[in-house]
Amino acid sequence: MRTDIFRAVGTDGQMHIVFRRIQTFFVRTAYGLDEKQREPKFYLGNGDPLECADRYDTFKTLAGDLVVRIVAEKRRRDRS
């Protein structure tokens, strides 16, 4: 599991933290192990899931009450 952390500006005018989690796994094929990854999932800093909004760097909460736009990447954490 890989977690990337981003800073984002919300429609409420505040800075928010957005997490992108990418799960990787291996599949055994006739040619050996092949690494695959699932589609990334995005979460707000408090754990609320996010879905894509208008553009590729804009996300909204499932309720639609907050829209955030990613401004910069903070850091990356790898976890096994």
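Numbering of residues begins at 1 and proceeds along the displayed sequence. Keep in mind it's a predicted model, so treat the numbers as computed, not measured.
The side-chain hydrogen bond (donor to acceptor under 3.5 Å, both in side chains) pairs that include a residue from residues 32-41 are Gln23-Arg38, where partners are two or more places apart or lie in different chains.
Within 6.0 Å of CZ on Phe25 lie more than 12 heavy atoms contributed by other residues, nucleotides or ligands.
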Under 3.5 Å, sequence neighbours excluded: what are the donor-acceptor pairs made by side chains of residues 46-55?
from: Asn46; atom 1: OD1; to: Asp48; atom 2: N; distance (Å): 3.1
from: Asn46; atom 1: ND2; to: Asp48; atom 2: OD2; distance (Å): 3.3
from: Arg55; atom 1: NE; to: Asp57; atom 2: OD1; distance (Å): 3.3
from: Arg55; atom 1: NH2; to: Asp57; atom 2: OD1; distance (Å): 3.3
from: Arg55; atom 1: NH2; to: Asp57; atom 2: OD2; distance (Å): 3.2

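Between Val68 and Val9, every side-chain heavy-atom pair lies at or beyond the 4.5 Å cut-off. Put simply, the side chain of Met15 reaches to within 4.5 Å of the side chain of Val71, judged on heavy atoms. Side-chain contact between Arg21 and Arg2 is absent, with no heavy atoms from C-beta onward closer than 4.5 Å.
Distance check, rounded to the nearest 0.5 Å: CZ of Arg20 to CD1 of Ile22 gives 4.5 Å. Expressed to the nearest 0.5 Å, how far NE2 of His16 lies from OG1 of Thr61 amounts to 10.0 Å. Taking OG1 of Thr3 as the start and CZ of Phe19 as the end, the distance is 8.0 Å to the nearest 0.5 Å.
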Requested in this report: Any chance you could lay out the side chain to side chain contact (heavy atoms under 4.5 Å, CB included) test for Leu66 and Leu44, step after step, and finish with the verdict?
Outcome: CA-CA 10 Å; Leu66 177 67; Leu44 204 54; 3.8 Å; yes

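Note: Phe59 and Phe42 meet the aromatic proximity criterion, with ring centroids under 6.0 Å apart.
Judged as a salt bridge (Lys or Arg N to Asp or Glu O under 4.0 Å), and not counting sequence neighbours, Arg28 has no contacts.
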